[in-house]
Amino acid sequence: MQRLETDEGLEDARVRARVYPYLKRTIDLTISLFLVILLLPLFVGVGMALMMSRSMTIIQRTPKMGIECQPFSELSFATQWRVFRKLPILINVLKGDLSFVGPRAAYSCEMCSYCRSEPQARLRIAVRPGLICDWWVRRHISLDYVQEVALDVRYVKSMSLRKDIGLALRAIPGIVTWLLWGNAPPVYPAEVRILGVRIDNMSMNNAIDRVMNMIDSPQAGHVCFVNPHNINQTFQVPEYRRALDEADLVLADGFGTKLAGEILRQPIRQNLCGTDLFPRLCARLSEAEKKIYLVGAAPGAAERVADWVRQHYPGVVIKGCDHGYFNPMEEREVVCRIAQSGADMLVVAMGVPKQELWIRNHLAELNVPVAMGWGGLFDYFSGRIPRAPLWVREIGMEWVYRLIQEPGRMWRRYLIGNFVFLFRIVRERFRAVEVSSRCNRIGSQN
Ligand code: UDP
């Protein structure tokens, strides 16, 4: 790959990369050698078990990209047992393909357009990739590719022993969970019901696939996100509950919705925060050169979002923008503009329940394959409201950040709404327990 010696920060990183890596490599060598010797019986045992099971492959090789884009094969045992599968990766560390901590090792096919167009992104290959990386530690908050690269670049710029130890310690709970659930992953129902609201239970990638499929289907589809505040709103606005019932895809947004799923024993696969999903979807839309129309927020905001999309995902075609404060007279013109735009997807960011009711009432005449209600999305991507720092999102406290930003508008939603939601969830849980014990009693009497 072409090297940019003059890229800002690249030389700095290389200087640092000349000093600390000697220590880092010594630590990697010592620990991996110690572990390989300690676990040698296990290596032999798993290898022999695979041979005896007449497995076609014993060691799997995944092509990855190492330091300075040097290709290497990431090794793993060809077994279903997650506890043993990753053992051979220690050989990669011993050989120097990988470090214990570092930027994420990219797949060899992964030098995406973003990486090519963004010189800073190349910093991530200035050092040896790691088994543990910032992305892995934070993966439950669904970082998009841009954020992931930014984290890796930040890691390379500030690489130190302290940082590596910190990341390794933070990875421990994730590693334990991963090992525990390896052979018995939680069973996720395809659909969950939180206080009567149906939620399609899927990963971010599946949700994006579904939206992309909807774009290509002849039927117009309505996609919504629901967070605890929205679920509370269904109790006040029955029309909104009906709109959610009739929607084609309802996605779980927010830490609170995921927590509710845990309490109600209906595990939710992933927190599909709309603000995190948007750039990922844009990446797919860009690849497929799809057309979108943006409606919502204060005048000028949709245009700023369009600029952001054009800058980061140039393949996406923006067919039009409108603000979200049109009067009934202007509404007709907005509907006509959208219907004539030829857009593949309409993003409506006018807040809940307004946007879902609006989509439901106009979907038939909008002439778009997919309309997505996206709340305050434009406030973030137009730059009006900064997003909470990653660590705040990681601990599920983004709502506190929002409350501090707009206390006048948000206090009722969060200070009262969150507790009302939690109360309703706990009450529902008790009801479910009561119903099941009553059924058990009736069953044992019969
Ligand atoms: N909004 C709009 N038209 C309206 C009312 C609100 O476009 O008539 C916009 C508002 O400017 C803001 C968004 O809708 O950008 C609502 O943001 P909020 O964070 O409240 O979204 P929600 O939590 O309801 O999804």
Side-chain angles (χ1 to χ4, degrees), residues 194 197 199 222-237 239-241 243-244 247 249-257 271-278 292-309 320-335 337-338 346-362 366 371-388 392-393 397-418 420-421:
I194 306 288
V197 174
I199 293 177
H222 179 184
V223 181
C224 350
F225 295 89
V226 284
N227 59 29
H229 167 61
N230 305 146
I231 296 176
N232 277 342
Q233 282 170 300
T234 62
F235 288 84
Q236 284 136 25
V237 189
E239 277 287 284
Y240 172 48
R241 185 177 282 267
L244 290 180
L249 195 57
V250 181
L251 302 173
D253 178 2
F255 177 75
T257 318
N271 164 14
L272 299 186
C273 172
T275 319
D276 294 324
L277 193 139
F278 182 65
I292 66 172
Y293 199 108
L294 306 170
V295 180
E303 284 78 2
R304 284 195 293 278
V305 178
D307 288 343
W308 184 90
V309 174
C321 297
D322 276 296
H323 64 77
Y325 292 88
F326 42 80
N327 59 37
M329 299 277 285
E330 293 161 338
E331 182 175 66
R332 215 45 351 249
E333 290 165 27
V334 173
V335 170
R337 271 200 293 275
I338 298 168
L346 170 68
V347 178
V348 186
M350 301 197 295
V352 170
K354 187 175 175 181
Q355 65 196 22
E356 311 311 346
L357 300 180
W358 193 81
I359 292 175
R360 181 172 176 248
N361 293 340
H362 294 94
L366 287 171
M372 295 184 70
W374 228 315
L377 182 85
F378 294 180
D379 291 338
Y380 293 110
F381 284 88
S382 65
R384 190 181 82 80
I385 294 178
R387 193 87 198 275
V392 175
R393 283 148 59 193
M397 288 292 134
E398 190 164 14
W399 64 273
V400 177
Y401 193 81
R402 279 299 277 126
L403 179 63
I404 295 168
Q405 283 171 323
E406 290 185 279
R409 195 162 80 89
M410 295 295 171
W411 73 270
R412 196 185 292 271
R413 180 184 298 194
Y414 293 131
L415 293 184
I416 299 179
N418 278 359
V420 170
F421 179 71

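Counting starts at 1 for both ligands and their atoms, in listed order. Both backbone and side-chain heavy atoms feed into the values below; hydrogens, waters and symmetry mates do not.
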Expected list for residues 349-356: side-chain donor-acceptor pairs under 3.5 angstrom, two or more places apart:
from: Gln355; atom 1: OE1; to: Met350; atom 2: N; distance (Å): 3.0
from: Gln355; atom 1: OE1; to: Gly351; atom 2: N; distance (Å): 2.9
from: Gln355; atom 1: OE1; to: Gly375; atom 2: N; distance (Å): 2.9
from: Glu356; atom 1: OE1; to: His222; atom 2: NE2; distance (Å): 2.8

*Considering only heavy atoms, which protein residues lie less than 4.0 Å from any atom of ligand 1?*
Gly296, Ala297, Ala298, Gly324, Tyr325, Ala349, Met350, Gly351, Val352, Lys354, Gly375, Gly376, Asp379, Arg402, Arg409, Arg413
_Of all pairs that satisfy salt bridge (Lys or Arg N to Asp or Glu O under 4.0 Å), the ones with a partner from residues 373-384, not counting sequence neighbours_ = Asp379-Arg384, Arg384-Glu406
*Please answer whether the main-chain N or O of Val226 pairs with a side-chain N or O of Asp253 as donor and acceptor at a distance below 3.5 Å.*
no
*For Arg241, enumerate each residue passing the salt bridge (charged side-chain N to carboxylate O under 4.0 Å, His left out) test, keeping only those at least two apart in sequence or located in another chain.*
none
_Spatial distance of atom SG (Cys224) from atom CG (Leu244) [nearest 0.5 Å]_ = 5.0 Å
*asked:* Counting the benzene-type ring for Trp, do Trp358 and Phe326 have ring centres under 6.0 Å apart?
replied: yes
